[in-house]
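First up is the structure itself, then whatever we jot down about it.
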Amino acid sequence: MDDLSFKVQAYLKANSKTSSEFNSNIILQDDGGGGYIHTWNVSGLAKPTDEQLNALASEATTLKNNNQVLKARKKLYGTTVEQLEYIVENGVDAFITKQNKIKSDNPKS
């Protein structure tokens, strides 16, 4: 169902909708026969067909990969407290260098 989630996100993005539309207006479900859209309440946008979603498979894969990269970056950045401690101990320039290295080591698609 993870793939369906990213396809729906790609569909929203392709139609100038935000991820907040996903969180509050769409319910995905899997009753054992595969994932499907149970509830669709996105204002001004029709529920997508399977064909429309499948056409966005490449974009969905990019979203999924970027999501994994962002999770890895977040873990490497550390908590806000850890980041502030790093700045106090090493300075802003060192902090920026560290953050840029994390980004270059974990690039988005």
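- S5 is listed as a side-chain neighbour of Q9, based on a closest heavy-atom distance under 4.5 Å.
- Between the Q83 side chain and the G78 main chain, a donor and an acceptor come within less than 3.5 Å of each other.
- Of all the heavy atoms in A60 and A10, the pair that sits closest is N-CB, 4.1 Å.
- Checked against salt bridge (Lys or Arg N to Asp or Glu O under 4.0 Å), K101 has the following partners two or more places apart in sequence or in another chain: D105.
- A donor-acceptor pair is defined here as one N or O able to donate and one able to accept, closer than 3.5 Å; such a pair exists between the side chain of D30 and the backbone of G32.
- In this structure, Q52 CD and K7 NZ are separated by 12.5 Å, a value rounded to the nearest 0.5 Å.
- Residue F6 is not grouped with residue V69 when hydrophobic side chains (ILVMFWY) are merged at heavy-atom distances under 4.5 angstrom, including chains of intermediate members.
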CA sep, side-chain torsions, deciding dist, call: L4, L53, side-chain contact (heavy atoms from CB on, under 4.5 Å): CA-CA 8 Å; L4 176 59; L53 292 176; 3.7 Å; yes
Working for side-chain contact (heavy atoms from CB on, under 4.5 Å), residues L12 and S19: CA-CA 7 Å; L12 290 171; S19 60; over 6 Å; no
Residue pair V42, K17: steps toward the side-chain contact (heavy atoms from CB on, under 4.5 Å) verdict: CA-CA 9 Å; V42 179; K17 297 291 184 177; 4.1 Å; yes
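- For S109 against N65, the heavy-atom pair with the smallest separation is OG-CB, 4.0 Å.
- At a threshold of 4.5 Å between side-chain heavy atoms, the hydrophobic network of Ile, Leu, Val, Met, Phe, Trp and Tyr places Y86 and Y77 in two separate groups.
- Annotation for K13: atom NZ does not count as buried by contact number, only 12 or fewer foreign heavy atoms lying within 6.0 Å.
- Once rounded to the nearest 0.5 Å, the distance linking NZ of K71 with CG of N66 reads 12.5 Å.
- Note that NZ of K98 and CD1 of I87 are 9.5 Å apart. Values are rounded to the nearest 0.5 Å.
- The backbone N or O of I102 sits nowhere less than 3.5 Å from a side-chain atom of R73 that would complete a donor-acceptor pair.
- Atoms CG and CD, from N106 and Q68 in turn, are 11.5 Å apart once rounded to the nearest 0.5 Å.
- Contacts of K64 classified as salt bridge (Lys or Arg N to Asp or Glu O under 4.0 Å), with partners at least two apart in sequence or in another chain: D2, D3.
- Side-chain contact between N67 and L63 is absent, with no heavy atoms from C-beta onward closer than 4.5 Å.
- Not one N or O on the side chain of W40 forms a donor-acceptor pair closer than 3.5 Å with the backbone of I27.
- Using a distance-only test at 3.5 Å, with no hydrogens or angles considered, no donor-acceptor pair links the side chain of E21 to the main chain of T18.
- I37 approaches K47 most closely through the heavy-atom pair O-NZ, 3.3 Å.
- Checking D31 against Y36 by side-chain atom types alone, a donor-acceptor pair falls below 3.5 Å.
- Taking 4.5 Å as the limit, every side-chain heavy atom of N54 sits out of range of all side-chain heavy atoms of L56.
- Neither L76 nor L70 shares a network with the other; the hydrophobic side chains, linked directly or stepwise wherever heavy atoms of I, L, V, M, F, W or Y lie under 4.5 Å apart, form separate groups for each.
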